[in-house]
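Everything on this sheet refers to the single structure shown next.
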Amino acid sequence: MAGKITLTMIKPGAFRKGNTGPILSMINEAGFRISAMKLTRLSTRQAEKFYAIHRSKPFYESLVDFMSSGPIVAAILEKENAVDDYRKLIGETNPENAEEGTIRKLYAESLQMNAVHGSDSDENALIESDFFFAKNERTDCM
Ligand code: GDP
């Protein structure tokens with residue numbers, strides 16, 4: 001499956017603002033197939049685990065608080081070159097640097113509350129997909 005999937009989260013801020021529908025629509029129009037999806041909420045412990053790579057960063061605690069502050073939508077997206085193509089669709093981490101028309105440019109509220117997550121490598125796409133979904137919840141594994 002490497003190369004064909006990426007993991008996204010619609011983060012609590014974008015979910016709260018009712019932007020789940022428009023974001024899913026952009027994902028669909030860009031040619032991604034949704035092979036798994038769930039509405040859920042990260043516990044503090046789960047958010048700490050998901051973002052463990054950033055543990056030493058000054059924004060870690062604040063990021064964990066934000067990511068566990070309300071519901072999210074997690075989804076596995078399937079497409080050739082999924083990781084890179086989705087990173088292009090969402091735009092730069094800091095929305096001020098994101099290109100016009102990208103998801104983060106349109107829906108981010110700040111650097112931290114930047115609307116969506118997208119895996120940064122094929123390896124992490126697999127790890128992050130396993131973090132959220134059992135095999136029988138994923139059409140890419142059925
Ligand atoms: P991503 O792969 O584009 O999501 O970026 P990173 O992996 O570098 O960072 C993970 C998440 O941490 C980002 O999506 C932001 O929500 C948040 N973040 C990154 N850098 C900063 C920062 O300098 N300050 C704050 N407050 N949040 C940040």
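Predicted model only: the values in this text are computed from it and were never measured. In listed order, ligands and their atoms are each counted from 1.
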Taking 4.0 Å as the limit for heavy-atom contacts, which would you say applies to L111 with ligand 1: side chain only, backbone only, both, or neither?
both
Looking only at protein heavy atoms, what sits closest to atom 25 (C) of ligand 1 is F59 CB, 3.4 Å
Nearest protein heavy atom with distance in Å, relative to atom 4 (O) of ligand 1
R104 NH2, 3.1 Å
Ligand 1 versus K11: contacting region, heavy-atom distance under 4.0 Å:
side chain
Give me the nearest non-hydrogen protein atom to atom 9 (O) of ligand 1 as residue plus atom name, then the distance to 0.1 Å.
H54 NE2, 3.4 Å
Would you call the rings of H117 and F50 parallel, tilted or perpendicular if under 30° counts as parallel and over 60° as perpendicular?
perpendicular
For the residue pair F59 and H54, does the interplanar ring angle fall in the parallel (under 30°), tilted (30 to 60°) or perpendicular (over 60°) class?
tilted
Assess whether a salt bridge exists between D130 and R138, defined as any Lys/Arg side-chain N lying under 4.0 Å from an Asp/Glu carboxylate O.
yes
Donor-acceptor contact below 3.5 Å, side chain R41 vs main chain S68
yes
Could you check whether any side-chain N or O of T6 sits under 3.5 Å from a backbone N or O of L77, counting only pairs where one atom can act as donor and the other as acceptor?
no
Who's the nearest protein heavy-atom neighbour of atom 1 (P) of ligand 1, and how far?
T93 OG1, 3.6 Å
Between ligand 1 and H117, is the shortest N or O to N or O distance under 3.5 Å?
no
For ligand 1, the portion of R87 having any non-hydrogen atom under 4.0 Å away:
side chain
Is M9 in contact with ligand 1, taking contact as a heavy-atom separation below 4.0 Å?
no
M67, portion touching ligand 1 at heavy-atom distance under 4.0 Å
neither
Which residue and atom name correspond to the protein heavy atom nearest atom 26 (N) of ligand 1, and how close is it?
Q112 OE1, 3.4 Å
Looking only at N/O atoms, are Y51 and ligand 1 under 3.5 Å apart anywhere?
no
Does at least one non-hydrogen atom of L63 fall below 4.0 angstrom from an atom of ligand 1?
yes
Any donor-acceptor pair under 3.5 Å from N114 side chain to A108 backbone
no
Please list, in number order, the atoms of ligand 1 under 4.0 Å from a heavy atom of N114.
13 (C), 14 (O), 15 (C), 16 (O)
Donor-acceptor under 3.5 Å (S129 side chain, A125 main chain)
yes
Donor-acceptor contact present, side-chain R55 to main-chain Y60, <3.5 Å:
no
Whether Y107 side chain and T20 backbone form a donor-acceptor pair below 3.5 Å:
no
